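Here is the structure we will look at.
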Number of protein chains: 2
Amino acid sequence: MAICVVGHSNPDTDSVTAAIALAALMNAQGKEAKACMQIAADNLNPESTTVLKRFGLAAPELLEDAGGKEIALVDFSDLAQGPANLDKAEIVAVVDHHKIGDITTNNPILFRAEPVGCTGTVLNKMFKDAGVAIPKDVAGGMLSAILSDTVNFKSPTCTEDDKVAVSELKGVAGVDDTDELFMEMLKAKSSVDGVPAKDLLFRDYKDFDMNGNKVGVGQLELATLDQVADIRADLMKAMEQVKADGRHSVLLMLTDVVKEGTDLVVLSDDPALIEKAFDSKLDGSSMWIPGMMSRKKQTVPNLQNAFGC
Amino acid sequence: MAICVVGHSNPDTDSVTAAIALAALMNAQGKEAKACMQIAADNLNPESTTVLKRFGLAAPELLEDAGGKEIALVDFSDLAQGPANLDKAEIVAVVDHHKIGDITTNNPILFRAEPVGCTGTVLNKMFKDAGVAIPKDVAGGMLSAILSDTVNFKSPTCTEDDKVAVSELKGVAGVDDTDELFMEMLKAKSSVDGVPAKDLLFRDYKDFDMNGNKVGVGQLELATLDQVADIRADLMKAMEQVKADGRHSVLLMLTDVVKEGTDLVVLSDDPALIEKAFDSKLDGSSMWIPGMMSRKKQTVPNLQNAFGC
C-alpha cells in the first residue's frame, strides 16, 4: 500500500507542492508513495490551481480518512490539522517548517522541521542530501511555494536558506523571472471577484486551540485593500457564522502585500484581549498592524501569549 | 545566555556525546551553547566515563532545572525524560533518533529525527550539511556513541547510515580499530564488580507511560550472563523497591551481547501480559528472548502493543 503524503487542511501552495515533492523523493528512493490532499481538486485555492497548471503538475488525490494508512505529513505536525482518524494512522515521516505540534509516534521516524520560510526549502535540502535530482515540474511547484510562503522574500519568516533554495530551484524549473511568477500567483490568489465571502474567509484559514479556547485565523493576501472595500460587511457576516460554531474569536488578516501590513478584522468574546495581543486599538471592527505579514510568526505567537498558552 | 544542550535522564554515551557535538556545531555556527547533562560527572556511567577519558573530552555540566532557559534536546523528545521544568523552558532545537515524543513548541525550530541507530549519525550529517569540520575529540565521542547504540552494528536498530557515519568518523577521530574501541566500552559498561544492585538497575533505565500504567525498563549489556549469576537476588530486591513506588511493572533486560539475546527479568502486577507481549513464558522470574537487543525497537514497541497504547 502506497504511503499517502498529505499537507494540512485547507491546503496552500506549500502543502500541495510539498506533498508532490516528498512523494517524488520517496518514489525515487524505492518507497511507493503518492501525493494527497484533504480536498478535491475542484476546491483547491486559485493560487495553487494556477501553479499546478503552469508547471503541468497533477493535483494530489483526495484523502479524507487516514485510518489504517501509512501517512507522511508535510507542512504541519498537529493532529487537528490532519485528515480524519490521523490518530489511527501510522505516521511514517514529517517534513515541516512550523512550530512542533502534538504528533507522537510509537516508532522512530524521519521528522525534519527547520525554522525556514517554507517546507519546499527543507525538501530541496533533502533531495540534495539524498543525491536525487528534482524533476523539472516538481521544482517549479517547490519554487512557487517558497515565493508564496515568503511573500516574494518580504515575510519575516524568510531566511537565507529560502533564498538559496529559490536560486537553485529556478534553474531546475526553467524560471528566469521569479518576480513575474510571484505576481501571477498573487493575481490569482488575491482575486475576489465573484467569490462568496465565506469562501474568501476559508481561502487560507486555520483553527487553533488557545488555552482551551477555539480561535480561528484566516488570511487574505491582497495587492491592495481596495479589493475588499465593497465586501467588508459580507466578510463580517461570514465571520459571525463561523464564530457562532463554538469559537471564542475569529480573526481575518487582510494583508496588503505591497504596503506590507495587515488590516486585522476581529470578532471576539474578548476584543480587549485581542487588542492587548497586538498592542493596538480597534477602529470599529478592525485595526491596521504595520509590518504584520505572517500568521505563523506574528499573529499566532502574539495570540498564544495573550491567551497564556 | 548560552543554549543548554542536554540529553535524556540517566544519560548514555549517545546522550552525553551528542550534547557535546551539537553544542560544538552551534558554537561553530555563532550560537553560544554548552553541553549539559542531568547528573553530575561523578555519577556518569562507566562506559561514558571511559569514552570521555579516552578522547580527552570534558564531561557536560550539570543541568537540573531547565525553567526559563533556552534548551536544545538530543537523543529524546519526551518531556518526562527531560530536566525539571522543561515545560517552562524555551526548546530551541531537537536532534534525535527515537520515536516522536510529546514535546511541542510555540515557534518553528530545528527538529531533526531520523530512524537510524544513533543521534551521532544524525549529527554527523548535520556537520556535513553545515560545512563544519568535526573536531577530532568530538568525532571520537560520536564514533563511540554509534558503536555503543548499535552494539557494534549488531543491533536491529543499526542502519547503513550508521555504518557510513562510523567509516567517516573513525578517520577524523584517528581510530583504526573500532572493534577494539567497542570492546573497551563493553568491558567498562558490563563491569558489575562492587557496584550496588540498584545502581546496576539504573545504569540504563527509563520509565514509560503505557496507557496510564507506569512501566520501568532497565537494560544491562553483558559480555556473558555469568557476570550477574551471583547477584540476581540483589537485582530482584532492587527491582522490588523501584516497583513499590507506583509502578505497574519493572523489567530488567540482561542482554548477552555475544550470544545476541536477552534474559528478561520481570516484576509485574500482570506477568501474563508481559509474557504475551513477548510471546514467551517466564521460567521463574525471567525468560530468555533470543535476538532481543534493543529496548527501543523491540522491548518497548512490544510492551506498547500489549498495553494497548
Side-chain angles (χ1 to χ4, degrees), chain A residues 73 75-80 87 90-119 121-122 124-126 128-130 149 156-157 159 161 164 208-211 294 296-298 300-309, chain B residues 29 73 75-80 87 90-119 121-122 124-126 128-130 149 156-157 159 161 164 208-211 294 296-298 300-305 307-309:
Chain A
L73 308 183
D75 203 30
F76 78 108
S77 64
D78 262 307
L79 281 170
D87 56 337
E90 189 187 348
I91 296 170
V92 298
V94 179
V95 182
D96 192 15
H97 71 118
H98 294 88
K99 68 192 185 69
I100 307 305
D102 58 0
I103 291 288
T104 60
T105 66
N106 283 345
N107 291 300
I109 65 163
L110 175 78
F111 191 124
R112 186 156 171 175
E114 298 190 26
V116 295
C118 181
T119 309
T121 300
V122 183
N124 183 53
K125 294 184 191 187
M126 289 172 63
K128 276 197 285 186
D129 290 352
D149 267 13
T157 61
T159 67
D161 287 3
V164 169
F208 299 88
D209 177 81
M210 301 268 176
N211 211 356
S294 164
K296 188 182 67 179
K297 200 145 179 171
Q298 298 170 298
V300 170
N302 280 331
L303 287 170
Q304 283 176 317
N305 284 340
F307 277 89
C309 301
Chain B
Q29 293 177 314
L73 308 183
D75 203 30
F76 78 108
S77 64
D78 263 308
L79 281 172
D87 56 338
E90 189 186 349
I91 296 170
V92 298
V94 179
V95 182
D96 194 13
H97 70 119
H98 295 87
K99 68 192 185 68
I100 308 304
D102 57 1
I103 289 289
T104 60
T105 66
N106 283 345
N107 291 299
I109 64 163
L110 174 78
F111 191 123
R112 186 156 171 174
E114 298 190 26
V116 294
C118 182
T119 309
T121 300
V122 182
N124 183 53
K125 294 184 191 187
M126 288 173 62
K128 276 196 285 186
D129 291 353
D149 267 13
T157 61
T159 67
D161 288 2
V164 169
F208 299 88
D209 177 81
M210 301 268 176
N211 212 356
S294 165
K296 188 181 66 180
K297 201 146 179 169
Q298 298 170 301
V300 169
N302 280 329
L303 287 170
Q304 284 177 317
N305 285 337
F307 276 89
C309 299

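Chain A is the first sequence line, chain B the second, and so forth, proteins listed ahead of strands; every chain is numbered from 1. All figures in this text were calculated on a predicted structure; none of them were measured in a lab. Computed from heavy atoms alone, side chains included, the values below leave out hydrogens, waters and symmetry copies.
- Ranking L110(A), V116(A), I103(A), T157(A) against chain B, the residue ahead of the rest is L110(A), based on heavy-atom pairs under 4.5 Å.
- A salt bridge does not link E114(B) with R112(A): every distance from a Lys NZ or Arg NE/NH1/NH2 to an Asp or Glu carboxylate oxygen is 4.0 Å or more.
- D102(A) places no side-chain N or O within 3.5 Å of a backbone atom of T104(B) that could act as its donor or acceptor partner.
- Chain A forms more heavy-atom pairs under 4.5 Å with one residue of V300(B), V94(B), T105(B) than with any other, namely T105(B).
- Side chain of D75(B) to main chain of T119(B): no donor-acceptor pair is present (N/O by atom type, distance under 3.5 Å, no hydrogens or angles).
- No donor-acceptor distance shorter than 3.5 angstrom exists from the side chain of K128(B) to the backbone of D129(A), with no hydrogens or angles considered.
- Heavy-atom pairs under 4.5 Å with chain A peak, among V122(B), N107(B), N305(B), I109(B), at I109(B).
- Contact of K296(A) with chain B is made through the side chain alone, with heavy-atom distances under 4.5 Å.
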